[in-house]
There are 2 protein chains.
Amino acid sequence: MRKESSTNFENQQTLTDFCNASKTLMLISGRWKLSLLFSLLEHNSRTFSDFKQIVPAISDRILALQLKQLTEDSLIAKQKRENFMFYTLTEKGKSLKDILVNLAKWQTNLE
Amino acid sequence: MRKESSTNFENQQTLTDFCNASKTLMLISGRWKLSLLFSLLEHNSRTFSDFKQIVPAISDRILALQLKQLTEDSLIAKQKRENFMFYTLTEKGKSLKDILVNLAKWQTNLE
DNA sequence: CGCATGACTAACAATTTTGTAAGCAGTCCC
DNA sequence: GGGACTGCTTACAAAATTGTTAGTCATGCG
């Protein structure tokens, strides 16, 4: 999916080396990622289908992709319970809470 | 540049309606935007060429594009002084400071 | 068994973002 | 008046992200 020889890729590297905030930003950019994280902040534990109901516009593929990336970045974890897969926030994921809340609050304060 | 009839575009709408944090996130996502903002937090006032020196890998086109978007979103403003264009943070831009610093700090705390 | 549901994946297409190369108007300086 | 620099823009190309459609495999249930 990534082409590790592109200028684009190299620049991304340069950027994250240069600016720590960009690293954090990369973890949470991606369509619907914030929605998924917020819904986990509220409910602690969700299944694939739960997410689809919360964000009906999302397609299976994209949902799976976002969940995969969040999992790879250790912000969420998945585990099986009673034959269902449950997604939950990891400690790392929970530690993002203030940042997420502030992102929302900043926008709200503008209005 | 945008195709206002695509699912992609509609979903972006849905998303920002649904999740305030996503609105904020959109303003600061874009390659090098954080770097540009941080450099303005430090130095208050910069020219186009200054930015090019700070982030040598950036191309003219992309720099101009990012600056334009930041300007359209009113995070920065540009004005002419002594035949040079200077970019500065607006009040709105300055009010992002805590968020930006926290994004960086969160990453740093991980290490 | 036959069908429904949950949690995905594969193949492909559309859209968006980012990068390259070249050029251009305005100002300064010799 | 010829360069050189600043601050862009245009036309084009490459790469990344997002969306569509159609499956797959496992489990549960009447």
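Every chain is numbered from 1, with letters handed out A, B, ... down the list of sequences.
- Taking the nucleotide of DNA chain C with the nearest heavy atom to each of A/K68 and A/F9, the more 5' of the two is matched to A/K68.
- The residue B/Y87 sits close only to the backbone: its heavy atoms come under 4.0 Å of sugar-phosphate atoms, none of a base.
- Residue contacts shown for A/S59 include a base, since a base heavy atom lies under 4.0 Å away.
- Side-chain N/O atoms of B/K78 include none lying less than 4.0 angstrom from OP1 or OP2 on D/dG7.
- When the side-chain nitrogen and oxygen atoms of A/K52 are compared with OP1 and OP2 of C/dA7, none of them lie within a distance under 4.0 Å.
- Regarding contacts with the backbone of D/dT18, every side-chain N or O of B/T7 stays at 4.0 angstrom or more from both OP1 and OP2.
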Please tabulate the protein-to-nucleotide N/O contacts below 3.5 Å involving nucleotides 25-29 of chain C, giving atom names and distances.
residue : atom : partner : partner atom : Å
C/dC28  : OP1  : B/N83   : ND2          : 2.7

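- For the 3.5 Å distance criterion, the side chains of A/T47 and A/D50 qualify, holding a donor opposite an acceptor.
- Atom CG of A/L89 sits about 9.0 Å away from atom CG of A/L70, to the nearest 0.5 Å.
- The residue among A/E4 and A/A57 whose nearest nucleotide of DNA chain D is located toward the 5' end is A/E4.
- A donor-acceptor contact shorter than 3.5 Å links the side chain of A/T16 to the backbone of A/Q12.
- With rounding to whole Å, A/M85 atom CE is found 13 Å from D/dT27 atom C1'.
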- [ ] Show your reasoning for whether side chain to side chain contact (heavy atoms under 4.5 Å, CB included) applies to B/F9 and B/R2.
- [x] CA-CA 8 Å; B/F9 180 80; B/R2 276 273 166 71; 4.0 Å; yes

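- Grouping Ile, Leu, Val, Met, Phe, Trp and Tyr residues whose side-chain heavy atoms lie under 4.5 Å apart, directly or via other members, places B/F86 in a hydrophobic cluster with B/F84.
- In this model, a side-chain donor or acceptor of B/R61 finds a partner on the base of C/dT20 within 3.5 Å.
- A 4.5 Å side-chain heavy-atom check between B/L100 and B/K97 finds every atom pair outside the cut-off.
- Taking atom CD on A/E10 and atom C1' on C/dT17, their separation rounds to 17 Å, with Å as the unit.
- Residue B/D60 is classed as a base contact, given a heavy-atom separation below 4.0 Å to a base.
- Between B/S6 and D/dG19 there is no side-chain N or O to OP1 or OP2 distance below 4.0 Å.
- Per the geometry, CD belonging to B/Q12 stands 15 Å off P belonging to D/dT17, to the nearest Å.
- Between B/D60 and B/K52 there is a salt bridge, since a side-chain N of the basic residue sits under 4.0 Å from a carboxylate O of the acidic one.
- Atom C1' of nucleotide C/dC8 and atom CZ of A/F51 are separated by 14 Å, given to the nearest angstrom.
- Rounded to a whole Å, the CZ atom of B/R2 is 19 Å from the P atom of C/dA14.
- Taking only side-chain nitrogens and oxygens, A/S49 never comes nearer than 4.0 Å to OP1 or OP2 of C/dT5.
- Put simply, the side chain of A/L25 reaches to within 4.5 Å of the side chain of B/I28, judged on heavy atoms.
- Put simply, CZ on A/R81 is 15 Å from C1' on C/dG6, counting in whole angstrom units.
- Nucleotide D/dT18 holds its P atom 10 Å from the CD1 atom of A/I58, rounded to whole Å.
- Taking 4.0 angstrom as the limit, B/N8 places none of its side-chain polar atoms (N or O) nearer than this to OP1 or OP2 of C/dA14.
- Atom CD1 of A/I62 is separated from atom C1' of D/dA16 by 12 Å (rounded to the nearest Å).
- Within the nucleic acid shown, A/Q66 comes within 4.0 Å of sugar-phosphate atoms alone, with no base atom in reach, counting heavy atoms only.
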